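In what follows, every heavy atom counts, from backbone to side chain, and hydrogens, waters and symmetry copies are set aside. Here the structure is a predicted model, which is why all the values come from computation and not from measurement.
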Amino acid sequence: MPIERRSIQGLRPLFGRLGFCLCLCLIAVPVLAEPPPRTPDNPKPAEGDVVIDLPNASQLVFRRLAVPGPGFWGDQQRVIQIGDATGGIFEGLQRTQISGSFPNADGTGWEILLAKYELTRGQYIAVMGLERLLAVSADPEDQKIPTLEGRAKRDALMRPLASVSHQDIQDFIRTLNQWLFDPAHPEHAAKLPKYDGVPGFIRLPTEEELEYATRGGQPALEAGTFDDRLPFDAARIDEYAWHLGNAKHQLRPIGLRQPNDLGLYDLIGNAQEMTTGVFRPEIWQGKPGGVAVRGGSVSTPPADLRSSLRAELDVYAWKPDEGRIEERRSYNTGVRLAIGSNVVLTTAQRKALEDEYLAYRNETRRAMPVGRTLDNLVAQASVQLGTVDPIIERLMAENPSLREPLQTVQVYMDRARDRLELAQRESARSLAQDAARNGVNLSVYLSRLERLAATLESARKLAELSTRYQNQVEAVERSIREIETAAREQLQGYRDKIAKLGEYEPDYIAHAFAALGERELPVRERAVMELLAVHVEEFAEQRRADPERWMEEFRARFKDFQDQSH
């Protein structure tokens with residue numbers, strides 16, 4: 001029977017991190033010393049499984065994924081590269097910061113809690129009831145479940161939940177959370193991990209969490225294999241994934257293939273998995289669409305499977321033959337659950353986050369390309385070269401006979417890296433110079449507008465005495481409009497150059513200003529460079545432009561400005 005629904009009731013020194021971690025009052029789920037019992041919900045039990053009880057003696061099983069870095073805000077260790085330069089058009093390389101939802105047991109790091117398997121039909125029935133599944137499922141095979149017995153019934157219930165709508169999944173998550181947090185049964189939530197004493201809640205994972213898990217998480221980062229196209233040898237794909245070649249569009253019960261190194265099953269293949277975010281062409285930018293799904297499925301050719309594979313689920317699908325919209329119920333789309341927690345829980349905790357953010361903003365974040373798309377081909381190539389070094393080191397260690405040719409490859413890589421370094425420095429210098437040119441032009445236009453404003457005032461006074469001066473008033477007003485338009489165009493160019501320059505690493509920006517400052521600058525250009533340096537620094541810190549305020553700062557700086565040298 002379905003459960004009853006209820007309501008849910010300059011650089012500054014780092015500081016505050018250790019104190020923040022210690023003040024969290026952590027309550028963590030203990031790591032199991034031995035594997036839990038084998039059940040249909042956990043056919044491959046393993047040490048470290050986190051088991052959450054469901055209604056009707058069912059279970060959800062999660063795995064902990066360690067996230068690098070001890071602080072809440074993170075550090076350089078937490079920056080990862082996702083996407084695939086050789087993948088599809090929606091998999092462009094991006095750098096982002098991966099974060100955990102819960103502190104680990106000893107408070108020295110953070111963890112993601114991700115379901116070990118895809119959500120099954122049996123688990124859905126445990127929460128929502130069989131009648132609900134039969135009502136919402138578009139799979140004719142589900143209608144046979146009441147008539148099945150023995151192994152046939154077990155296999156049917158262990159298949160990933162699919163052929164239901166995105167809203168059906170959200171209803172399931174909401175109902176499950178209501179059951180977990182039923183005030184009459186506090187034991188339901190007893191096994192949930194806690195953050196600052198507050199239990200987590202069930203949600204869908206983010207795209208970044210799924211790709212991080214698929215690539216192998218922190219162990220893969222440390223081994224230098226995180227950026228590999230697949231987390232296993234492509235020749236062994238049948239051992240790890242159900243795909244078109246070995247499943248022929250038919251979903252298979254959970255736990256039959258090999259797990260990845262984190263103990264997670266079917267992250268690649270079987271059912272493609274919904275995420276918590278809307279689909280955008282480049283994850284962080286582009287037109288918002290349906291729901292982002294990950295991992296490929298039993299309908300994906302094996303050659304197309306990869307860690308970065310992503311697609312769009314058209315939640316509301318157009319039926320051209322019928323001329324109508326319907327909710328999509330995809331036969332090969334399911335879900336993998338995660339356990340989440342809120343960012344801010346108490347006023348005191350928020351204050352700790354604010355204190356730690358000051359250090360993070362002034363040190364780590366300024367050098368961290370969080371959420372930036374590597375659309376600059378030079379920067380993209382530079383990042384790619386940086387990922388090759390650990391791979392070459394690993395190959396030399398595993399194949400001593402290849403050491404000499406691999407060292408030759410390394411020499412060429414180093415030369416290419418040097419050339420790319422020079423290209424980025426020159427590009428940053430060029431952007432700074434162009435922005436300064438826009439700024440100088442803007443300042444000149446503002447000086448002209450200041451003089452024209454005085455001329456207009458005089459002309460209007462004369463026009464009050466005689467109408468023959470009206471033409472002069474109109475001519476001055478026309479000149480003001482033209483110069484205001486030109487000034488706006490220069491401000492737009494100034495803003496655009498700063499936005500591009502602000503994407504570069506701090507070292508490149510500093511080098512650009514140092515190179516431009518080596519020559520003797522006219523007094524006007526020197527004043528512009530001072531403003532430009534402030535505006536670039538603001539953009540790099542805050543990730544946003546403020547052209548209206550910048551315009552006012554230019555007006556104030558160049559009011560009554562004289563061009564003669566001092």
Side-chain angles (χ1 to χ4, degrees), residues 10-11 361-362 365-367 369 372-373 375-376 378-379 422-456 476-566:
L11 301 183
R361 183 188 66 188
N362 286 305
R365 192 174 190 273
R366 293 184 64 180
R372 300 182 193 175
T373 300
D375 53 2
N376 182 309
V378 175
L422 180 62
Q424 291 193 84
R425 287 178 180 273
E426 177 57 27
S427 179
R429 186 203 62 77
S430 179
L431 281 170
Q433 186 172 31
D434 290 346
R437 187 176 297 116
N438 288 130
V440 168
N441 292 341
L442 174 61
S443 72
V444 170
Y445 287 136
L446 292 177
S447 295
R448 291 180 183 176
L449 286 172
E450 185 179 6
R451 292 193 294 270
L452 284 172
T455 301
L456 179 61
V476 174
E477 289 176 338
R478 184 165 55 252
S479 294
I480 289 176
R481 288 193 299 270
E482 291 172 353
I483 294 176
E484 284 178 340
T485 299
R488 284 289 171 184
E489 290 174 353
Q490 293 301 319
L491 179 64
Q492 180 67 31
Y494 181 81
R495 187 201 69 84
D496 291 345
K497 305 300 188 310
I498 287 178
K500 292 180 180 178
L501 182 59
E503 297 288 343
Y504 283 77
E505 300 294 337
D507 286 348
Y508 298 130
I509 297 174
H511 180 270
F513 280 97
L516 294 178
E518 289 177 352
R519 58 189 177 89
E520 185 68 26
L521 298 176
V523 62
R524 182 181 288 272
E525 188 172 351
R526 188 166 64 248
V528 167
M529 290 298 294
E530 291 171 358
L531 284 174
L532 176 61
V534 172
H535 296 160
V536 170
E537 182 178 11
E538 288 176 354
F539 183 90
E541 286 186 357
Q542 301 172 14
R543 312 303 311 143
R544 63 176 181 271
D546 193 352
E548 295 305 318
R549 179 170 59 81
W550 294 350
M551 173 71 94
E552 292 308 312
E553 290 176 355
F554 265 88
R555 290 187 194 278
R557 180 65 182 82
F558 293 98
K559 183 177 177 59
D560 301 324
F561 187 82
Q562 300 296 322
D563 272 321
Q564 66 267 22
S565 300
H566 296 287

> Should Leu446 and Phe561 count as side-chain neighbours, where that means a heavy-atom distance under 4.5 Å?
Replying inline: no
> Val528 and Phe558: side chain to side chain contact (heavy atoms under 4.5 Å, CB included), yes or no, with the steps?
Replying inline: CA-CA 9 Å; Val528 167; Phe558 293 98; 3.6 Å; yes
>> Please list all pairs meeting salt bridge (charged side-chain N to carboxylate O under 4.0 Å, His left out) that have one or both residues in residues 479-492, counting only residues at least two apart or in different chains.
In response: Arg488-Glu548
Could you pull out all donor-acceptor pairs under 3.5 Å where a side-chain atom in residues 448-456 meets a protein atom, sequence neighbours excluded?
| unit_1 | atom_1 | unit_2 | atom_2 | d |
| --- | --- | --- | --- | --- |
| Glu450 | OE1 | Asp560 | N | 3.1 |
| Glu450 | OE2 | Asp560 | N | 3.0 |
| Thr455 | OG1 | Arg451 | O | 3.1 |

>> With rounding to the nearest 0.5 angstrom, report the CG to NZ distance, Asp434 to Lys497.
In response: 5.5 Å
> Got a second to check how far Glu530's CD is from Leu521's CG, nearest 0.5 Å?
Replying inline: 10.0 Å
>> Ring-plane angle category for Trp550 and His535, please: parallel below 30°, perpendicular beyond 60°, tilted otherwise.
In response: parallel
> Are any non-hydrogen side-chain atoms of Met529 and Arg526 less than 4.5 angstrom apart?
Replying inline: no
> In Å, rounded to the nearest 0.5 Å, how long is the span from CG of Leu491 to CE of Met551?
Replying inline: 4.5 Å
>> Between Ser430 (side chain only) and Glu426 (backbone N and O only), is there a donor and an acceptor less than 3.5 Å apart?
In response: no
>> For a quick test of reading the model, state the closest non-hydrogen atom pair linking Leu431 to Lys500 and the distance between them.
In response: CD1-CB, 3.9 Å
> Between Arg557 (side chain) and Ala527 (backbone), is there a donor-acceptor pair under 3.5 Å?
Replying inline: no
> If you look at every heavy atom in Ala545 and Pro547, which pair is closest and at what distance?
Replying inline: C-CD, 3.5 Å
> How many angstroms lie between atom CG of Asp496 and atom CG of Asn438, to the nearest 0.5 angstrom?
Replying inline: 8.5 Å
> How many angstroms lie between CD in Glu537 and CD1 in Ile498, if you round to the nearest 0.5 Å?
Replying inline: 12.0 Å
> Do the side chains of Tyr508 and Leu501 get nearer than 4.5 Å, heavy atoms only?
Replying inline: no
> Under 3.5 Å, is there a donor-acceptor pair linking the side chains of Ser427 and Tyr504?
Replying inline: yes
